[in-house]
Amino acid sequence: MFHYARKSYYNYIDFVPKLFLLAIAFAISLLTIKESPNHLLNHVSFTHALTWFFLIISSFTLFFLKKPQTIYLVDFACFKPSFVLRVPFAAAAEHGRIILASQPKSYDFSLKILERSGLGEETCIPHPLHYIPPNLNMTDARDEAHMVIFSAMDSLFQTTGITPKDIDILIVNCSLFAPTPSLSAMVINKYKMKSDVKNYNLSGMGCSAGLISIDFAKNLLQVHPESYAVVISTETLTPNSYMGTERAMLLPNVLFRIGGAAILLSNKMSQHKHAKYKLLHVVRTHKGSDDKSYRCVSQEEDKDGHVGIALNLDLMLTAGKALKSNISTIGPLVLPVSEKLKFAANILGRKFLELDMKPYMPDFKKAFDHFCIHAGGRAVIDELQKNLGLSDEDVEASRMTLHRFGNTSSSSLWYELGYIEAKGRMKKGDRVWQIGFGSGFKCNSGVWECNKDIEATKAGAWADCIHRYPVNQPKVVKL
């Protein structure tokens, strides 16, 4: 709440110069009227008129210069993996049994995780990870990045009708794979983009990097008028499969799957009627100053020298704290007055009057029509559904994305938004809340407002299977 109050204070301070100019203009007008009550237009001096005109123009100019530009999401495209890349339960269990033959306890642990993961039979992994043992090398990692990124970009160009030369800003986020030349340079080379395209490559930001990239693009679009920005969110699995036996590091092998998305943003006024969404807020929360939060998700070596992602037992507790901090910032921006008053009264009672009250969780269903919770795993979705008081329908997009595509890291939020669209549920004026978590530890939120009724299309990652969803997901799939 303090952070919100401080931010509001600075926003109000920004309006002081405008109010000052208007006050001067008003004072001069009063003097003019006082000196010339009759036949005003005939007696106003040239100096008065010129001053009045200058102040009006200055006020309007200052207002429009300080006014943030509206950021539109024109469209987005998600990578759709080939059917030959799928890894059904039987294949996953067989591979695990062979690779972990000398470690039966590790195999049993992986199998239990898979049974309770919420993943379906159609999730996919890249070609090299189908080998026994997996073939991990730089060439195959680049091939995976080419396949995912170029496929998503081709779909985006086809859907929107823009050309590579139209792109002014390019941002690529991939947490664990950071080759040289960079992935953003790879995209520029492939599509022969113009030489002055502003390109950035983000790594090490975890599963919430997609919303970080959106925030970055938003800030760039505020200072570069009439521009197109493309954000590419993906994760390259090939060089990052864990080959050891530590339980804390085996979990990502079970949950992560191939995926990626390309998102087209713009501040062009011409997109006012054509874009799918407009961006309302991006709220980022970072708990990295706390040692436990900082270490709860980390890439490291095990005792045998195998590199992998270690997940700490405090992960869900840390995620809960990060979510709480994020909610305290985003709540005042989006909640109706009634919920703000209840929330403020609860804080007043607990903090200042020392009353024995439970913390009040605002009803975010009064602020949002759709929820896209990062499909990090069944436990993540369950925890957020419980904490936010959401229904099964509210988290349907997240659960079905996890079932069909698995945890695709930063791109999962876009598969979820694609699911809602494919179901024909997105209508003009609807508000969407995207929530992402990532190493560091971070919780990021993105709020979008639908700009027009969106009809379900016959293209896209969900097109050939949406009629089968939602599906029933048992708590345990016994293998």
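Just so you know, these numbers come straight off a predicted model, no measurement behind them. Atom set for the values below is all heavy atoms of this structure, side chains included, hydrogens, waters and symmetry mates excluded.
Between Asn173 and Ser213, the side chains place a donor N or O and an acceptor N or O closer than 3.5 Å (distance only, hydrogens not considered). Gln385 and Asp392 are linked by a side-chain donor-acceptor pair at a separation below 3.5 angstrom, with hydrogens and angles left out of the test. Under 3.5 Å, the side chains of Lys80 and Ser151 contain no donor-acceptor pair of N or O atoms. Ser411 and Thr408 share a side-chain donor-acceptor pair at under 3.5 Å. Defined by atom type and a distance below 3.5 Å, a donor-acceptor pair is present between the side-chain atoms of Ser298 and Glu300. Using a 3.5 Å distance cut-off with no hydrogens or angles, the side chains of Asp140 and Asn135 do pair a donor with an acceptor. Neither side chain, Trp414 nor Ser233, offers a donor N or O lying under 3.5 Å from an acceptor on the other. When only modelled atom types and interatomic distance are considered, Gln299 and Tyr242 share no side-chain donor-acceptor pair under 3.5 Å. Between the side chains of Ser184 and Ser182, at least one donor N or O sits under 3.5 Å from an acceptor N or O. Checking Gln271 against Ser266 by side-chain atom types alone, no donor-acceptor pair falls below 3.5 Å.
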CA sep, side-chain torsions, deciding dist, call: Ile162, Tyr228, side chain to side chain contact (heavy atoms under 4.5 Å, CB included): CA-CA 9 Å; Ile162 70 166; Tyr228 280 119; 4.2 Å; yes
Test log, rule side-chain hydrogen bond (donor to acceptor under 3.5 Å, both in side chains), inputs Ser227 and Lys268: CA-CA 6 Å; Ser227 298; Lys268 292 177 178 284; over 6 Å; no
Ile258/Phe79 under side chain to side chain contact (heavy atoms under 4.5 Å, CB included): CA gap, chis, key distance, verdict: CA-CA 9 Å; Ile258 190 172; Phe79 168 70; 4.1 Å; yes
Full working for side chain to side chain contact (heavy atoms under 4.5 Å, CB included) between Cys207 and Ser409: CA-CA 5 Å; Cys207 297; Ser409 190; 3.6 Å; yes
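Cation-pi geometry between Lys442 and Phe437 is not met at under 6.0 angstrom from the ring centre and within 45 degrees of the axis. Taking the ring centre of Phe76 as origin, the terminal cationic atom of Lys276 falls inside the region bounded by 6.0 Å and 45° from the ring axis.
The aromatic rings of His146 and Phe150 sit parallel, their planes meeting at an angle under 30°, below the 60° perpendicular limit. Note on ring orientation: taking the six-membered ring where Trp is involved, the planes of Phe364 and Trp433 are tilted (angle from 30° to 60°).
Among all heavy-atom pairs drawn from Pro332 and Ile327, the shortest one is CD-O, 4.3 Å.
Here Phe405 and Tyr415 bring their ring centres to under 6.0 angstrom of each other. Between Tyr200 and Phe216, the distance separating the two ring centers is shorter than 6.0 angstrom. Centroid-to-centroid, the aromatic rings of Tyr469 and His403 come within less than 6.0 Å. Taking the ring centroids of Phe157 and Tyr191, they lie under the 6.0 Å cut-off.
Under 4.0 Å is where a charged nitrogen must lie from a carboxylate oxygen, and between Asp154 and Lys190 no such pair does. Classification of Arg425 and Glu396 as a salt-bridged pair holds, one side-chain N sitting under 4.0 Å from a carboxylate O. Remark: Glu339 engages Lys342 in a salt bridge, criterion side-chain N to carboxylate O under 4.0 Å. Between Glu122 and Arg468 there is a salt bridge, since a side-chain N of the basic residue sits under 4.0 Å from a carboxylate O of the acidic one. Classification of Lys218 and Asp215 as a salt-bridged pair holds, one side-chain N sitting under 4.0 Å from a carboxylate O.
Of the possible donor and acceptor atoms, one in the side chain of Lys452 sits under 3.5 Å from a partner among the backbone N and O of His274. Counting only distance, with no hydrogens or angles, the side chain of Asp302 and the backbone of His306 share a donor-acceptor pair below 3.5 Å. Under the 3.5 Å distance criterion, the side-chain polar atoms of Thr401 are left unmatched by any main-chain donor or acceptor of Ser398. The backbone N or O of Gln69 sits less than 3.5 Å from a side-chain atom of Gln222, completing a donor-acceptor pair.
Taking CD1 from Ile373 and CG from Asp382, the interatomic distance works out to 10.0 Å, rounded to the nearest 0.5 Å.
No side-chain heavy atom of Leu250 sits under 4.5 Å from any side-chain heavy atom of Ile113. Inter-residue side-chain proximity for Leu311 and Ile309 is flagged as met; some heavy-atom pair is nearer than 4.5 Å.
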